[in-house]
Amino acid sequence: MHAWPASEVPALPGQGRDLRIHDTATGAPVTLQPGPVARLYVCGITPYDATHMGHAATYNAFDLVQRVWLDTKRQVHYVQNVTDVDDPLLERAERDGLDWTALAEQETKLFREDMTALRMLPPRHYIGAVEAIPGIVPLVERLRELGAAYDLEGDVYFSVESDPHFGEVSHLDAAAMRLLSAERGGDPDRPGKKNPLDPMLWMAAREGEPSWDGGSLGRGRPGWHIECVAIALDHLGMGFDVQGGGSDLAFPHHEMGASHAQVLTGEFPMAKAYVHAGMVALDGEKMSKSKGNLVFVSRLRRDGVDPAAIRLALHAHHYRSDWEWTDQVLRDAVARLERWRAAVSRPDGPAAEDMVEAVRAVLADDLNAPEALAAVDRWVARQEEAGGTDGSAPGVVSRTVDALLGVAL
Ligand code: 5CA
Ligand code: ZN
């Protein structure tokens, strides 16, 4: 699939800093030291509804990861998938009397437009589950050969016990895993499984559902976790820097994916850091397509909200916290954007070098975007109060906000 256009990232004076980020697997911050090309995999959308503020917040976090790396003069090899065939997509298409491929195409198109408007940097490889099937089948076949997969009434399951490191991403106990597995696409109560947690790798063709040639697996479609593993291994290989997504993906999705990859390659770990963004809520409940309590990026855009204000609203919350979307969050962001724009359009101001260093420092320390906003606010306040004589400062501020926060003033 094609991704979306990249906005320019201005180069900043001085030296960027290495990213220190909280790793779910170790429960501690790690300072990543990627080579000249940092490798990032972020789980993409299941395109059955429009991009909501929760999605936008999660992609915002990983956009910041890239901007911190780019500031260190590294390149970023970024891969994202689109789960363009899965139960929720098929169910929504059925409910609304739509062709499932048309629904997926339409929502993926809207996602691209939202990401472009928000100035999120695009992945180098943007890969759909359907187009990944030829790469998925041999991996499932290989897991079978290794004795790590088994058949159940035509479906193929992964045996979690085949990975000695299983559990080391999310560190949950068996009861919690079982509960989350049932909530998040698993089938722990299906009779005949070796372990209730075992996830499906390949689902045999069902009546009335799409299916593909699976070689020795028979016709069917891929499971969810193997989809991301196949795409990540194909484009990034093992030991990539960051595996990212919202905190609802830590288990089972990232746990299972890591196990699939580790058993397939005999290497550990799949990713150097597993990074998870907090959940955005509306009216006290996690925003989710299945619940329908949603604020859409596209809706706000249609209502005339500047995407730069949406971006500032996202930055106002630390990526790891769970937070609530409210009208006030947006009003504050609109006001901040206006103030910042007025400030950078004045001919001069106080020197901005300290502000650049402050923004760099707080972002490199576990992506503290709220503190980055505060650092810019302080420069703006100084300019408003006392003016300044540095004619280059407004430009420096503008380029810093653009390069490190993705906000065009
Ligand atoms: N296609 C899979 C990943 S392979 C998937 O989870 N798709 S999704 O459309 O349901 O979610 C896309 C991303 O948005 C995931 O990283 C998910 O964790 C994140 N996300 C979903 N809801 C929220 C929310 N309310 N707050 C923050 N992030 C969210
Ligand atoms: Zn994924």
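Note that ligands are numbered from 1 as they come in the structure, with each ligand's atoms numbered from 1 the same way.
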Identity of the nearest option to [atom], non-hydrogen atoms only, from [options]:
| atom | options | answer |
| --- | --- | --- |
| atom 20 (N) of ligand 1 | Glu227, His55, Met53 | His55 |
| atom 18 (O) of ligand 1 | Asn60, Asp248, Asp49 | Asp248 |
| atom 28 (N) of ligand 1 | Leu89, Thr58, Thr46 | Thr58 |
| atom 24 (C) of ligand 1 | Gly54, Ala250, Pro47, Gly246 | Gly54 |

*If you draw a 6.0 Å radius around CD in Glu384, do more than 12 non-hydrogen atoms from other residues or ligands fall strictly inside?*
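Yes, because the 6.0 Å sphere around CD of Glu384 holds more than 12 heavy atoms from other groups.
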
*Taking everything shown except Gln15 itself, do over 12 heavy atoms lie less than 6.0 Å from its CD?*
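Check fails, neighbour count at 12 or below.
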
Just jot down the ligand 1 atoms closer than 4.0 angstrom to any heavy atom of [X], in number order.
| X | result |
| --- | --- |
| Gly245 | 16 (O) |
| Thr83 | 1 (N), 2 (C), 4 (S) |
| Asn81 | 4 (S) |
| His253 | 4 (S) |
| Cys43 | 3 (C), 4 (S) |
| Cys228 | 4 (S) |

Can you pull out the closest protein heavy atom to [atom]? Residue, atom name and distance to 0.1 Å, please.
| atom | value |
| --- | --- |
| atom 12 (C) of ligand 1 | Tyr59 OH, 3.4 Å |
| atom 6 (O) of ligand 1 | Leu249 CD2, 3.6 Å |
| atom 25 (N) of ligand 1 | Met287 O, 2.9 Å |
| atom 9 (O) of ligand 1 | Lys289 NZ, 2.7 Å |
| atom 26 (N) of ligand 1 | Val280 N, 2.9 Å |
| atom 4 (S) of ligand 1 | Trp224 NE1, 3.1 Å |

Taking the side chain from [X] and the backbone from [Y], do they hold a donor-acceptor pair closer than 3.5 Å?
| X | Y | result |
| --- | --- | --- |
| Asp63 | Leu121 | yes |
| Arg382 | Pro350 | no |
| His125 | His235 | no |

Sub-4.0 Å heavy-atom approach of [X] to ligand 1:
| X | answer |
| --- | --- |
| Gly44 | yes |
| Gly278 | yes |
| His52 | yes |

For the residue pair [X] and [Y], categorise the inter-ring angle as parallel (less than 30°), tilted (30 to 60°) or perpendicular (more than 60°).
| X | Y | answer |
| --- | --- | --- |
| Phe111 | Trp4 | perpendicular |
| Trp323 | His317 | parallel |
| Phe240 | Tyr41 | tilted |

*With a cut-off of 2.8 Å, which protein N/O/S atoms are close to the Zn ion (ligand 2), if we only count those under it?*
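Hits for the Zn ion (ligand 2) below 2.8 Å: Cys43 SG, Cys228 SG, His253 NE2.
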
[atom1]/[X] to [atom2]/[Y] distance, rounded to the nearest 0.5 angstrom?
| X | Y | atom1 | atom2 | result |
| --- | --- | --- | --- | --- |
| Arg112 | Ile45 | CZ | CD1 | 9.0 Å |
| Arg399 | Glu8 | CZ | CD | 13.0 Å |
| Gln262 | Thr265 | CD | OG1 | 7.0 Å |

*Between His52 and Phe296, does the ring centre distance come in under 6.0 Å?*
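When the ring centroids of His52 and Phe296 are compared, they turn out to be at least 6.0 Å apart.
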
*Determine whether the aromatic ring centres of His260 and Phe158 lie less than 6.0 Å apart.*
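Yes, close enough.
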
*Looking at Val68, Thr72, Leu32, which hits side-chain contact (heavy atoms from CB on, under 4.5 Å) with Asp18?*
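Passing option: Thr72.
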
*Distance-only polar pair, side chains of Asp23 and Thr26, donor-acceptor under 3.5 Å*: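 Indeed, the side chains of Asp23 and Thr26 share at least one donor-acceptor pair under 3.5 Å.
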
